Amino acid sequence: MKQRISQVLDGKVDVGSRVTIEGWVRTRRDSKAGLSFIAVHDGSCFEALQVVAPAELPEYVDVVQKITTGCAVRVTGVVVASQGKGQTVEVRGESVEVVGWVDDPESYPMQPKRHTMEYLREVAHLRPRTNVIGAVTRVRHTLAMAVHRFFHDRGFFWIHTPIITANDAEGAGQMFRVSTLDAANPPRTPTGAVDWNQDFFGKQAHLTVSGQLNVETYCLAMSQVYTFGPTFRAENSNTRRHLAEFWMIEPEIAFADLAADAQLAEDFLKSIFAAVLAERKDDLAFFEKFVDPGCQKRLAAMVESKFERMDYGDAVKVLAQSGKTFEFPVSWGMDLQAEHERFLTEEVVKGPIAVINYPKDIKAFYMRLNDDGKTVAAMDVLAPGIGEIIGGSQREERLEVLDARLDEMKLPKADYGWYRDLRRFGSVPHAGFGLGFERAIQYATGVENIRDVIPFPRAPRQAEF
RNA sequence: UCCGGAGUAGCUCAGUGGUAGAGCAGGCGGCUGUUAACCGCCUGGUCGGGGGUUCGAACCCCUCCUCCGGAGCCA
């Protein structure tokens, strides 16, 4: 019977039963005692299965002894207790078939040894066969499923917000243009400007930088909703924390204020990381050993912790009085820098913290103005080792206040017609937040560069594969 | 985009002015219920590209490209 390797190694298949497994070869070791050991993985779990191929097999010389790293194989044999030390069970092969050969072993880029992450990025089509990318892939999947489960269990609806947008108003960063016009020779208006009227959508269009504005519309109908999909930023950011294409999770809750939003963020983070701890012990053990010693402890601590809440004003005071010298001196009104956020979460609180009520001048137009008239109901959730992991806010539900904010920031009201309508027809207090999915994977695994937690990273000057 | 670091064999790296090395991978052989095994031999490089200094450059200078880290922007 055909089995995934995880089933065999987890003891879900009885010793003595005959199985067929299919996968790719990590290593082959021959023994002159008349055996070959073939480590086979199929992605179902971290460990590879050891196949013992005895020399008596008719295909031993022509097939088994020619197997190299990377070959795709189908093996039928009996599950037996292992005589060796590295594993409890193994499969004694009765038939070993190579489904796909590595036609030139010397040129196969994946060697049975440690490669740098930079090198693996150059062979992104084959890197999922490595331990580290395989483990990342399983953790990524587990987190994605945990995200959906968390929201589904609480009655949220998953809203598929558009990827192409003609909103000129999302305002979250530089956008990628979507156009079918001939870039070398676009149609022109009489004044010589590009005539976007003749473009596919009859106006300028871009890839979305956030689904928030769209999802707010469904929030004010379905009460609890979220988006989870690809997002794009055309910023020239060259860091280990930024991608041009990444996945973002943005829940939005109606009849809710900032406190409810912060509570949701806390419950959410704990829930998805608890899922990884429970479901991917094998992969976490690997990250612990080879990537980030302490990552399991950090995750467990996050799941057990109570998130602190701290007012922005208090955070500024704490930083100013800390006696620590910062590259950017702290004063009320400035945005907190990475060094400040790290200090707060790693030195002051020593755990996750939600900083709330930021000065309105450093935050977006849609964030709800507080009664003091100078701060908005915004929050950043900071976590040790990563800094800001979530940004969110209560949204401005009062039309006149929203309009005043638009005017203040010199944003044209005409561009916000449908968004303003939400404040005209049955408006309610509502709130939400955004989480960069890849950042969550980085946090869970300790993988340093964000390009290694997404299958095919897109970044400035990088769109291979 | 700014600051710093790096680019030498398929991979990981050593080599700071005198003509290129190791480990791993690959090939051949040996050995072993092996564990990214171990032992021996062999194969393998226009030293990122271009220009300059010098009798002579992997090494010094200029420039471009690429990658990494930090910052900014942010998620």
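Model, not experiment: these values are computed from the prediction. Chain letters run A, B, ... following the sequence lines, proteins first and then strands; every chain starts at 1.
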Enquirer: The side chain of A:Arg92 lies closest to which of these nucleotides: B:G72, B:C11, B:G33?
Expert: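 Selected nucleotide (nearest to the side chain): B:G33.
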Enquirer: Suppose you measure atom P in B:G7 against the same atom in B:C59; what distance do you get, rounded to whole Å?
Expert: 11 Å
Enquirer: By the definition ring-ring contact (aromatic ring centres under 6.0 Å, His included), identify the one residue from A:Phe273, A:Phe228, A:Trp158, A:Phe268 that meets it with A:Phe150.
Expert: A:Phe268
Enquirer: When you measure from the centre of the six-membered ring of A:Tyr443, is the NZ or CZ of A:Arg298 closer than 6.0 Å and no more than 45° off the axis?
Expert: yes
Enquirer: Would you kindly check whether a donor in the side chain of A:Glu327 faces an acceptor in the base of B:G70, or vice versa, at under 3.5 angstrom?
Expert: no
Enquirer: Looking at A:Met409, I'd like to know if its CE atom is crowded, meaning that more than 12 non-hydrogen atoms belonging to other residues, nucleotides or ligands lie closer than 6.0 Å.
Expert: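 Yes, enclosed.
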Enquirer: Give each protein N/O atom lying under 3.5 Å from an N/O atom of nucleotides 65-68 of chain B, with the pair distance.
Expert:
unit_1 : atom_1 : unit_2   : atom_2 : d
B:U66  : OP1    : A:Arg461 : NE     : 2.2
B:U66  : OP1    : A:Arg461 : NH2    : 2.8
B:C68  : OP1    : A:Arg121 : NH1    : 2.2

Enquirer: If we take the C1' atom in both B:G26 and B:U19, what is their distance in whole Å?
Expert: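 After rounding to an integer number of Å, I get 28 Å for this pair.
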Enquirer: Do the charged groups of A:Asp267 and A:Arg154 touch, with an N to O distance under 4.0 Å?
Expert: no
Enquirer: Report the distance from atom CZ of A:Phe328 to atom C1' of B:G70, rounded to the nearest whole Å.
Expert: 11 Å
Enquirer: Could you go through residues 52-61 of chain A and list every donor-acceptor pair under 3.5 Å that involves a side-chain atom there, pairing it with any protein atom two or more places apart or in another chain?
Expert:
unit_1  : atom_1 : unit_2  : atom_2 : d
A:Glu59 : OE2    : A:Val96 : N      : 2.7
A:Tyr60 : OH     : A:Leu35 : O      : 3.4
A:Tyr60 : OH     : A:Ser36 : OG     : 2.8

Enquirer: Quick one: look up who B:A14 pairs with, Watson-Crick or G-U, both distances under 3.5 Å, and put none if it's unpaired.
Expert: none
Enquirer: Work out how far the C1' atom of B:U54 is from that of B:A58, and round it to whole angstrom.
Expert: 16 Å
Enquirer: Atom CD1 of A:Ile38 and atom P of B:A37: how far apart are they, to the nearest Å?
Expert: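 Rounded to whole Å, this separation is 14 Å.
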Enquirer: At their closest point, which heavy atom of A:Met310 faces which heavy atom of A:Ile353, and how far apart are they?
Expert: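 Taking every non-hydrogen atom into account, CB-CD1, 3.7 Å.
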Enquirer: Using the C1' atom as the point on both nucleotides, what is the distance between B:C24 and B:A36, in whole Å?
Expert: 10 Å
Enquirer: I'd like to check the side chain to side chain contact (heavy atoms under 4.5 Å, CB included) partners of A:Ala260; sequence neighbours left out, ordered by chain and number.
Expert: A:Ile253, A:Ala256, A:Asp257
Enquirer: Here's a test for you: under side chain to side chain contact (heavy atoms under 4.5 Å, CB included), which of A:His430, A:Arg395, A:Arg405, A:Glu396 qualifies with A:Arg368?
Expert: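 Single side chain to side chain contact (heavy atoms under 4.5 Å, CB included) partner of A:Arg368 among A:His430, A:Arg395, A:Arg405, A:Glu396: A:Glu396.
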Enquirer: Any pair with a residue in residues 353-363 of chain A that passes salt bridge (charged side-chain N to carboxylate O under 4.0 Å, His left out), sequence neighbours left out, goes on the list, sorted by first then second residue, please.
Expert: A:Lys360-A:Glu408, A:Lys363-A:Asp380
Enquirer: Report, as yes or no, whether the 6.0 Å neighbourhood of atom NE2 on A:His152 holds more than 12 heavy atoms from other residues, nucleotides or ligands.
Expert: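 Atom NE2 in A:His152 is not crowded, with 12 or fewer foreign heavy atoms closer than 6.0 Å.
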Enquirer: Could you say whether A:Phe37 or A:His115 is positioned toward the 5' end of RNA chain B, judged by the nucleotide with the nearest heavy atom to each?
Expert: A:His115
Enquirer: Expressed in whole Å, how much space separates the P atoms belonging to B:A20 and B:G48?
Expert: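 Those two atoms are separated by 16 Å.
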Enquirer: Measure up the A:Tyr312 and A:Trp332 rings against each other and bin them: parallel (under 30°), tilted (30 to 60°), perpendicular (over 60°).
Expert: perpendicular
Enquirer: Output the rounded distance in Å from CZ (A:Arg28) to P (B:G26).
Expert: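 Going from A:Arg28 (CZ) to B:G26 (P), I get 9 Å.
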Enquirer: With rounding to whole Å, what would you report as the distance between B:C13 and B:C73 at their C1' atoms?
Expert: 36 Å
Enquirer: For B:G26, which nucleotide is its Watson-Crick or G-U wobble mate, given both distances must be under 3.5 Å?
Expert: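 Partner of B:G26: B:C42.
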Enquirer: Is there a Watson-Crick or G-U wobble partner for B:U19 with both distances under 3.5 Å, and which nucleotide is it?
Expert: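 Matched B:U19 with nothing under the 3.5 Å cut-off.
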Enquirer: May I ask you to decide whether A:Glu97 forms a salt bridge with A:Arg74, counting only side-chain N to carboxylate O separations under 4.0 Å?
Expert: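 The answer is yes: the pair qualifies as a salt bridge.
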Enquirer: Can you check the A:Glu339 CD to B:C74 C1' distance for me, whole Å?
Expert: 17 Å
Enquirer: Nearest whole Å is fine: how far is B:G26 C1' from A:Ile67 CD1?
Expert: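 Taking atom C1' of B:G26 as the reference, CD1 of A:Ile67 is at 18 Å.
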Enquirer: So, taking the atom named CE in A:Met302 and the one named CD in A:Glu266, what distance separates them when rounded to the nearest 0.5 Å?
Expert: 9.0 Å
Enquirer: Quick one: do A:Lys324 and A:Glu347 make a salt bridge, cutoff under 4.0 Å?
Expert: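 Salt bridge flag = no for A:Glu347 with A:Lys324.
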Enquirer: Once you round it to whole Å, what is the distance between P of B:U34 and CD of A:Gln50?
Expert: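 A:Gln50 atom CD is separated from B:U34 atom P by 10 Å.
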Enquirer: What is the separation between atom CD on A:Gln65 and atom P on B:G30, rounded to the nearest whole Å?
Expert: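 So the CD-P distance, A:Gln65 to B:G30, works out to 11 Å.
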Enquirer: Write down the protein N/O and nucleotide N/O pairs, taken from nucleotides 8-10 of chain B, whose separation is under 3.5 Å; answer none if there are no such pairs.
Expert:
unit_1 : atom_1 : unit_2   : atom_2 : d
B:G10  : N2     : A:Gln111 : OE1    : 2.9
B:G10  : N2     : A:Gln111 : NE2    : 3.0
B:G10  : N3     : A:Gln111 : NE2    : 3.2

Enquirer: Base, sugar-phosphate or nothing for A:Arg342? Non-hydrogen atoms, less than 4.0 Å.
Expert: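 Since only primed, P, OP1 and OP2 atoms lie under 4.0 Å of A:Arg342, the category is sugar-phosphate.
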Enquirer: Once you apply a heavy-atom cut-off of 4.0 Å, does A:Gly391 come out as touching a base, just sugar-phosphate, or nothing?
Expert: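 Nothing, no heavy atom under 4.0 Å.
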Enquirer: Would you state whether a donor and an acceptor, one from the side chain of A:His242 and one from the base of B:C74, lie under 3.5 Å apart?
Expert: yes
Enquirer: Scan A:Leu243 against the nucleic acid and name what it touches under 4.0 Å (heavy atoms): base, sugar-phosphate only, or nothing.
Expert: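 The residue A:Leu243 makes base contact.
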Enquirer: Can you identify which nucleotide, out of B:A71, B:A36, B:U35, has its nearest atom closest to the A:Lys85 side chain?
Expert: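 Out of B:A71, B:A36, B:U35, the nucleotide with an atom closest to A:Lys85's side chain is B:U35.
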Enquirer: To the side chain of A:Thr27, which of B:A37, B:G33, B:C74 is closest?
Expert: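 Given the options B:A37, B:G33, B:C74, the side chain of A:Thr27 is closest to B:A37.
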Enquirer: At 4.0 Å (heavy atoms only), tell me whether A:Thr68 reaches a base, stays on the sugar-phosphate, or touches nothing.
Expert: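 It contacts nothing in the nucleic acid.
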Enquirer: Return the pairing partner of B:U35 with a 3.5 Å limit on both distances, Watson-Crick or G-U wobble; otherwise return none.
Expert: none
Enquirer: Taking the P atom in each of B:G40 and B:A22, what is the distance between them to the nearest angstrom?
Expert: 13 Å
Enquirer: Please produce a list of atom pairs where a protein N or O lies less than 3.5 Å from an N or O of nucleotides 1-4 of chain B.
Expert:
unit_1 : atom_1 : unit_2   : atom_2 : d
B:U1   : OP1    : A:Asn236 : ND2    : 2.6
B:U1   : O4     : A:Asn238 : N      : 3.4
B:U1   : O4     : A:Asn238 : ND2    : 3.2

Enquirer: Who does B:U1 pair with, Watson-Crick or G-U, both distances under 3.5 Å?
Expert: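 Because both required distances fall under 3.5 Å, B:U1 counts as paired with B:A71.
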Enquirer: Report which part of the nucleic acid A:Glu90 touches: base, sugar-phosphate, or nothing (heavy-atom distance under 4.0 Å, all strands).
Expert: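 Base: the residue A:Glu90, judged by heavy atoms under 4.0 Å, touches a nucleobase.
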Enquirer: Given atom CG of A:Leu336 and atom C1' of B:C73, what is their separation to the nearest angstrom?
Expert: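 In whole Å, B:C73 C1' and A:Leu336 CG are 15 Å from each other.
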Enquirer: Say you pick atom C1' in B:G23 and the same atom in B:U43; how far apart are they, in whole Å?
Expert: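 B:G23 and B:U43 have their C1' atoms separated by 16 Å.
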Enquirer: Please say whether more than 12 non-hydrogen atoms of neighbouring residues, nucleotides or ligands are located less than 6.0 Å from CD in A:Glu464.
Expert: no
Enquirer: With heavy atoms under 4.0 Å as the rule, sort A:Glu438 into base, sugar-phosphate or nothing.
Expert: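 The answer is nothing, as A:Glu438 stays clear of every strand by at least 4.0 Å.
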